[in-house]
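Some notes on the structure that comes next.
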Amino acid sequence: MRLHKTDEFSSVFAFRRVLRGSHFALHYCPNPDGTPRLGLVVAKKLAKRAVQRNLVKRIGRDVFRHARASLPPYDLVLRLSAKLDNVTRRAMRDEMIGLLGRLPRK
């Protein structure tokens with residue numbers, strides 16, 4: 001249920017559909033397999049410490065796992081787009097859930 005290869009990430013970015021939040025961007029494209037899949041991109045430039053990068057990825061995977069049954073069949077890439085200065089775990093989780101809720105239904 002995850003994107004692993006560079007080509008999979010590239011095809012999502014090339015489709016050019018994005019939902020933006022205050023700290024995250026959710027890129028998406030239709031998936032012919034009929035199941036949603038997730039990829040995560042957390043740049044060192046925005047989250048300097050490995051602990052912080054791993055936390056963002058862990059929360060993103062958890063939110064996706066709980067929402068997967070209600071998601072349309074898209075390949076998704078959740079990308080950190082702003083520094084996480086003084087952002088709580090709850091705020092990160094709520095923003096991710098909000099982005100997944102804004103996905104267009106087929």
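Because only heavy atoms are used, hydrogens play no part in the values below, and waters and symmetry mates are left out as well, while side chains stay in. Heads up: numbering here begins at 1 and tracks the sequence.
Side-chain contact between Leu76 and Leu100 is present, with at least one heavy-atom pair separated by less than 4.5 Å. Between Met1 and Phe64, the closest side-chain pair of non-hydrogen atoms falls below 4.5 Å. Put simply, the side chain of Ile59 reaches to within 4.5 Å of the side chain of Leu55, judged on heavy atoms. Met92 places a side-chain heavy atom less than 4.5 Å from the side chain of Phe24.
For the side chain to side chain donor-acceptor pair (under 3.5 Å) condition, no pair includes a residue of residues 45-55, sequence neighbours left out. A salt bridge (Lys or Arg N to Asp or Glu O under 4.0 Å) check over residues 69-94, counting only residues at least two apart or in different chains, returns the pairs Arg37-Asp75, Asp62-Arg93.
The closest donor-acceptor contact from the side chain of Tyr28 to the backbone of Pro104 lies at 3.5 Å or more, if one exists at all. Formation of a donor-acceptor pair under 3.5 Å by the Asn31 side chain with backbone atoms of Asp33 is found in this model. The backbone N or O of Leu40 sits nowhere less than 3.5 Å from a side-chain atom of Arg2 that would complete a donor-acceptor pair.
Residues satisfying the side-chain contact (heavy atoms from CB on, under 4.5 Å) test with Pro32, not counting sequence neighbours, are none. Every residue two or more places apart in sequence or in another chain was checked for a side-chain contact (heavy atoms from CB on, under 4.5 Å) with Asn86, and none qualifies. Remark: Glu95 engages Ser22, His23 in a side chain to side chain donor-acceptor pair (under 3.5 Å) (not counting sequence neighbours).
Within a 6.0 Å sphere centred on CZ of Arg20, heavy atoms belonging to other residues, nucleotides or ligands number 12 at most.
In terms of heavy-atom proximity, Ala47 sits nearest to Val42 at CB-CG1, 4.0 Å. Ser81 and Ala25 get closest at one heavy-atom pair: OG-N, 4.0 Å. Shortest non-hydrogen contact noted between Gly21 and Leu99 is N-CD2, 3.9 Å. Taking every heavy atom of both residues into account, Pro73 and Thr35 meet most closely at CB-N, 3.9 Å.
Rounding to the nearest 0.5 Å places CZ of Arg102 at 14.0 Å from CD1 of Ile97.
Val63 and Leu19 end up in the same hydrophobic cluster when Ile, Leu, Val, Met, Phe, Trp and Tyr side chains are linked at under 4.5 Å. Clustering ILVMFWY residues whenever any of their side-chain heavy atoms sit less than 4.5 angstrom apart, transitively, puts Met96 in a cluster other than the one holding Val18. Val56 and Val87 fall within the same hydrophobic cluster, defined by Ile, Leu, Val, Met, Phe, Trp and Tyr side-chain heavy atoms under 4.5 Å apart, directly or through other members. Both Leu78 and Leu71 sit in one connected hydrophobic cluster of ILVMFWY residues. Membership requires side-chain heavy atoms under 4.5 Å apart, directly or through other members.
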Derivation of the side chain to side chain contact (heavy atoms under 4.5 Å, CB included) call for Lys57 and Leu80: CA-CA 10 Å; Lys57 291 177 190 178; Leu80 182 65; over 6 Å; no
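Side-chain heavy-atom separations under 4.5 angstrom define the hydrophobic clusters, and the remaining members of the one that includes Phe13 are Leu3, Phe9, Val12, Val41, Val77.
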